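This is a predicted model, so every value here is computed, not measured.
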Amino acid sequence: MTGDPQKAAPHACCGGHSHSKPKPHAPIVVPVGADVKTSYICPMCPGVRSDVPASCPVCGMALEPEFVTADAGPNHELEYMRRRFWGAAVLTLPVFAIEMTRHFGHNADFMSDVFVTRFQMLFATPVVLWAGWPFFHRGWQSIRTGNLNMFTLIATGTGVAWLYSMAAALLPGVFPEGFRGEHGLAVYFESAAVIITLALLGQVLELRARDKTGSAIRALLKLSPKTARVVQGGVESEINLEQIAVGDHLRVRPGERVPVDGVIVEGASHLDESMLTGEPMPVAKSAGDAVTGGTFNRDGSFIFHAEKIGRDTMLSRIVQLVSEAQRSRAPIQRLADKFSGWFVPAVVTVAIISFIYWSLFGPAPAMAYGLLCAVSVLIIACPCALGLATPMSIMTGIGRGAAAGVLVRNAEALEMLEKADVLVIDKTGTLTAGRPAVTAVVPAGGYNETTLLSLAAALEQGSEHPIAQAIMQAASDKKLPLPKITGFAAIPGRGVCGDWQDEEVMLGNAGLVDGIDFSSLSARAAELQAAGATVVYLAADGKPAGIIAVSDTLKPNAAETIRHLKMQNLRVIMLTGDAQGAADAIAKQAGISEVSAGVLPHDKARVVKDLQKQGRIVAMAGDGINDAPALAQADIGIAMGTGSDIALQSAGITLLHGDLTGILRARNLSRATLRNIRQNLFFAFVYNAAGVPVAAGILYPFFHILLSPMYAAAAMSLSSLSVILNALRLKNAKI
């Protein structure tokens with residue numbers, strides 16, 4: 001390892017010491033096919049680096065690969081913990097079952113106390129020594145570096161429980177009669193095994209969530225093609241993406257993705273730029289227009305001049321933004337971790353003081369009573385309830401959310417959503433349906449709406465353009481018959497034309513009908529365009545026949561949802577890559593007063609970052625690739641389930657149905673879950689606050705009550721049961 005882990009700033013899981021937020025590592029983005037040596041870094045502790053997979057000596061977290069590549073192998077740390085968890089679960093189940101049978105007095109005659117003890121020792125010992133080895137290793141690291149954390153608690157509690165139980169099982173004669181209960185000497189193999197198993201489950205869930213972070217970046221990298229077609233001296237040849245140089249002329253054919261950023265020098269086409277703008281309509285491109293790497297070429301073929309390659313491309317910049325934002329996210333600041341800095345040394349100190357006091361002043365045999373108190377303190381303070389308090393509520397809450405169509409990626413998402421005071425929301429696909437529809441049909445020259453729409457649909461037959469699809473869908477919804485068109489021709493970048501009843505008909509943009517007098521419809525066309533619609537013109541026999549407006553439409557429940565969100569004191573801001581007119585029109589319908597239009601992906605992330613600098617806790621809702629940097633930068637990202645895979649992977653919460661009311665359900669779920677967690681932590685801390693002094697013997701001088709380790713274990717189980725039962729109440733929470 002390099003760096004000085006003693007000087008690296010710890011975070012909450014390192015003991016809750018006050019510190020400034022560490023500067024995140026921005027990973028290096030490696031092109032597809034590049035061969036690099038993998039190094040590993042801690043996402044939370046700057047300066048900690050290793051050439052091999054390991055755990056951070058400061059916080060105990062597993063180190064992550066520094067280099068982000070499109071192709072990633074298996075997560076060895078996740079497989080390591082998963083293998084140990086399943087091994088521990090198989091061995092712990094019979095130990096837990098036999099101990100519960102013993103506690104409730106249902107032992108069969110053949111199950112003697114000696115048999116039960118030896119059975120538990122046989123099954124629990126490999127759980128503690130093999131499955132729990134990572135916790136003992138990291139717990140020892142935490143002690144050695146002085147950064148006490150939950151691994152210290154787990155290692156101390158389970159270690160003492162197991163060592164005491166081994167002594168009681170193998171050397172029962174050294175213990176006084178006061179150690180013995182109804183079943184002889186109490187053993188705590190079951191407690192040690194259960195704690196190790198649950199702790200391993202928590203590690204598996206955390207590592208799975210962290211592994212998905214890298215998958216979002218890899219999915220972005222895969223948008224770039226691995227090869228490109230370079231044109232030199234009129235000859236085309238295929239080269240690898242890494243071989244492209246600035247100034248190369250590259251050809252892009254229909255159905256291919258643009259390899260790098262540049263400017264078209266020959267040809268024309270329509271490009272799907274939804275990965276950048278989120279807008280569903282392809283953009284017409286011709287000579288002189290800029291093209292962006294990763295965008296999809298729908299129809300024509302063109303040659304462009306490469307201007308930005310490698311890390312300078314827009315796609316690479318988006319990847320860097322997503323990477324940096326994801327690494328800047330701190331793990332959820334659990335209250336248990338905040339207390340761990342003083343909790344462990346306090347418990348150990350109390351145990352030592354109890355041992356010394358009762359060894360000097362306790363009843364005979366004094367040393368035995370001293371040991372009794374010390375072990376009871378460590379057993380009763382074992383962090384079982386403390387460790388269950390948050391995971392049980394989170395797992396139950398996540399299950400409740402899934403039943404309501406709200407998928408939560410990690411605990412941090414639930415915690416931050418409760419605290420959010422600003423909601424930044426995308427337009428297309430989030431507030432709106434995300435697909436264009438006919439919103440107005442304005443006939444002229446003696447035509448009616450039915451004839452106008454059927455003619456337009458007939459001309460657009462067979463086209464895959466979103467505007468054409470919207471017109472044909474509108475005609476289909478009204479069950480209109482389509483007239484026969486002959487002499488059909490497509491005019492790239494302008495529209496289509498054909499013959500109908502010996503008349504030439506044309507449908508397209510204003511450039512297509514240039515020279516035809518549409519002045520009678522100009523005011524209405526301007527009004528529709530100001531409202532954000534795309535207007536197409538239909539002319540017949542050189543005369544205006546009418547105009548059709550196509551636009552994205554507001555989701556039915558959007559305005560009502562926005563109103564309820566505002567009632568929860570959320571400031572709502574709309575960000576979109578669309579034009580200002582379209583943005584203002586949708587914002588007015590939705591009841592949103594703050595609007596920023598024409599915003600590119602990196603600008604969305606910058607707006608979120610600026611709000612965070614103002615002390616705001618920002619939730620971001622979006623659905624497109626263009627939203628990924630902002631979703632990752634936000635304190636909590638909310639993705640529409642109908643959106644792109646990149647948006648889903650960058651967000652902490654996914655709304656399965658793409659329904660805006662899901663944001664309300666998610667926020668209510670967050671509130672209910674966090675309230676439940678606080679209740680659980682209260683139970684756990686009150687239990688420790690009351691149990692540790694009793695175990696230390698504070699009641700003995702007054703009532704001659706001295707808590708044996710057996711009752712300490714029972715009390716610990718009771719506290720865990722109370723936490724579990726409280727967490728299960730979330731299954732019926734109304735969200």
Roughly how far, to the nearest 0.5 Å, is [atom2] of [Y] from [atom1] of [X]?
X: Gln589; Y: Ile562; atom1: CD; atom2: CD1; value: 12.5 Å
X: Thr292; Y: Lys308; atom1: OG1; atom2: NZ; value: 9.0 Å
X: Phe302; Y: Arg253; atom1: CZ; atom2: CZ; value: 12.5 Å
X: Lys604; Y: Asp426; atom1: NZ; atom2: CG; value: 4.0 Å
X: Ile548; Y: Leu507; atom1: CD1; atom2: CG; value: 6.0 Å

Is it true that [Y] and [X] share a donor-acceptor pair across their side chains at a distance under 3.5 Å?
X: Asp610; Y: Gln614; value: no
X: Ser269; Y: Asn297; value: yes
X: Gln469; Y: Glu460; value: no

If you compare all heavy atoms of [X] against all heavy atoms of [Y], which two are closest, and at what distance to 0.1 Å?
X: Leu459; Y: Phe488; value: O-CE1, 3.1 Å
X: Pro225; Y: Leu241; value: O-CD2, 3.4 Å
X: Ala545; Y: Leu452; value: O-CD1, 3.6 Å
X: Ala583; Y: Ala597; value: CB-CB, 3.8 Å
X: Ala587; Y: Val595; value: CB-CG2, 3.3 Å
X: Ile244; Y: Ile309; value: O-CD1, 3.3 Å

Under a 4.5 Å cut-off applied to non-hydrogen side-chain atoms, are [X] and [Y] in contact?
X: Pro544; Y: Tyr447; value: no
X: Thr534; Y: Pro436; value: no
X: Thr227; Y: Ile239; value: no

Counting only N and O atoms by type, is there a donor-acceptor contact under 3.5 Å from the side chain of [X] to the main-chain atoms of [Y]?
X: Asp248; Y: Val230; result: no
X: Gln461; Y: Ala458; result: yes
X: Lys285; Y: Leu271; result: no
X: Gln612; Y: Gln633; result: yes
X: Thr432; Y: Lys427; result: yes

Stepwise, does the side-chain contact (heavy atoms from CB on, under 4.5 Å) test hold for Arg571 with Leu611?
CA-CA 11 Å; Arg571 175 185 171 191; Leu611 287 167; 3.9 Å; yes

Summary of side-chain hydrogen bond (donor to acceptor under 3.5 Å, both in side chains) pairs that have at least one residue in residues 511-523, sequence neighbours excluded:
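Sorted result for residues 511-523: Asp517-Ser519.
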
So that I can tick it off, tell me whether Asp584 and Lys588 are bridged by a salt bridge, with the cut-off set at under 4.0 angstrom between side-chain N and carboxylate O.
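Salt bridge between Lys588 and Asp584, a charged N being under 4.0 Å from a carboxylate O: no.
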
Where at least one partner belongs to residues 516-548, residue pairs that pass ring-ring contact (aromatic ring centres under 6.0 Å, His included), sequence neighbours excluded
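For residues 516-548, and leaving out neighbouring residues, the ring-ring contact (aromatic ring centres under 6.0 Å, His included) pairs sorted by first residue read Phe518-Tyr537.
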
Among all residues two or more places apart in sequence or in another chain, which pass the side chain to side chain contact (heavy atoms under 4.5 Å, CB included) test with Ile303?
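Side chain to side chain contact (heavy atoms under 4.5 Å, CB included) list for Ile303, sorted by chain: Val231, His249, Arg251, Val265, Glu266.
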
Residues two or more places apart in sequence or in another chain: which of them pass side chain to side chain contact (heavy atoms under 4.5 Å, CB included) with Ala558?
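Checked Ala558 against side chain to side chain contact (heavy atoms under 4.5 Å, CB included); matches are Leu431, Leu554, Lys555, Leu660.
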
Can you name the residues that form a side-chain hydrogen bond (donor to acceptor under 3.5 Å, both in side chains) with Glu504, not counting sequence neighbours?
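Expected list: none.
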
Could you work out, with side-chain hydrogen bond (donor to acceptor under 3.5 Å, both in side chains) as the rule, every residue matching Asp261, not counting sequence neighbours?
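In terms of side-chain hydrogen bond (donor to acceptor under 3.5 Å, both in side chains), with neighbours along the sequence ignored, Asp261 is linked to no residue.
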
